[in-house]
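Below: the structure, in structure tokens.
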Amino acid sequence: MPTETNPYAAPRADVNAGAGGQYADPGAFWRSGPILVTRPRAVLPARCVKCNAEVQGSLKKQKFYWHHPAWFALVLVNVIIYVVVAMIVRRSAEVSYGLCATHKRQRRRGVFIVVGGMFLSFGLVVVGIASDLAALIPIAILGFLVSIVIGIVRGRTLLPVRIDKSGAQFKGCGEAYLASLPSS
């Protein structure tokens, strides 16, 4: 008796195709709506987490950190106190994931914007001080902040929304990638 398949179901990816020697454990990750859920030290399928294209080469291993958003209230008290407390209470998760060539370039461009913006802003401050143009300093600070925001938005791949002892939850995966994962 033949098994019936759903012609409208999302395509499934071979989780170990093109993994470059790294093999995904199918029980270590799944989707829960628009959220990717992983176990600690998960190796995701060798597919781009943004567009589900096949990944050439090895996966990127990255350590993510997260703390409850309520700790951000300490910034109102003192930034240094917040930084110390955040370092103490943060949770971490290590995940290996893939990016296609297009999304690797996009991430590299985001990092380049941050680094370039920092050097440009520093140069504007030096020129502003050397030539007595005080108006350049606020422009440099604004340019520095804008480059950081653009770099964070364009350079980020996965955004942790929760990390605990049992695993991690991430936003930022493309719908095609999430559709290829088992759901909870």
Rounded to the nearest 0.5 Å, how far apart are [atom1] of [X] and [atom2] of [Y]?
| X | Y | atom1 | atom2 | answer |
| --- | --- | --- | --- | --- |
| Ser147 | Ile113 | OG | CD1 | 8.5 Å |
| Thr157 | His103 | OG1 | NE2 | 10.5 Å |
| Tyr65 | Arg90 | OH | CZ | 4.5 Å |
| Leu159 | Ile35 | CG | CD1 | 9.0 Å |
| Cys51 | Glu54 | SG | CD | 11.5 Å |
| His68 | Arg162 | NE2 | CZ | 7.0 Å |

Hydrophobic cluster identity match, [X] and [Y], side-chain contacts under 4.5 Å:
| X | Y | result |
| --- | --- | --- |
| Val125 | Phe144 | yes |
| Leu136 | Met118 | no |
| Val79 | Val89 | yes |
| Ile148 | Val153 | no |
| Leu120 | Val115 | no |

Heavy-atom pair with the smallest gap, counting every atom of [X] and [Y]:
| X | Y | result |
| --- | --- | --- |
| Ala53 | Cys100 | CB-CB, 4.1 Å |
| Ala134 | Pro138 | O-CD, 3.1 Å |
| Val114 | Gly151 | CG2-CA, 3.3 Å |
| Cys48 | Tyr177 | O-CD1, 3.3 Å |
| Ala93 | Ala168 | CB-CB, 3.8 Å |
| Cys173 | Leu158 | SG-CD2, 3.5 Å |

Under 3.5 Å: donor-acceptor pair, side chain of Ser121, backbone of Ala140: yes
Sidechain-backbone polar pair: Arg154 side chain, Gly110 backbone, donor-acceptor under 3.5 Å: no
Within 6.0 Å of CD1 in Ile80, more than 12 heavy atoms from elsewhere: no
Any side-chain heavy-atom pair of [X] and [Y] under 4.5 Å:
| X | Y | answer |
| --- | --- | --- |
| Lys104 | Lys60 | no |
| Gln169 | Trp66 | no |
| Ser183 | Ser32 | no |
| Val77 | Tyr82 | no |
| Phe29 | Leu181 | yes |
| Leu99 | Val49 | yes |
| Leu145 | Val149 | no |
| Ile163 | Ser92 | no |

Check: Phe170 ring centroid to Phe64 ring centroid under 6.0 Å: yes
Evaluation steps, side-chain contact (heavy atoms from CB on, under 4.5 Å), between Arg31 and Val37: CA-CA 6 Å; Arg31 82 177 283 178; Val37 183; over 6 Å; no
Aromatic ring pairing Phe72/His67, orientation class (parallel under 30°, perpendicular over 60°, tilted between): tilted
side-chain contact (heavy atoms from CB on, under 4.5 Å) between Lys165 and Arg91, worked out: CA-CA 8 Å; Lys165 292 177 183 172; Arg91 304 277 180 148; 3.6 Å; yes
Basic-acidic side-chain contact under 4.0 Å: Glu175, Lys50: no
Criterion side-chain contact (heavy atoms from CB on, under 4.5 Å) on Leu44 and Thr38, from CA distance to verdict: CA-CA 8 Å; Leu44 298 178; Thr38 68; 3.9 Å; yes
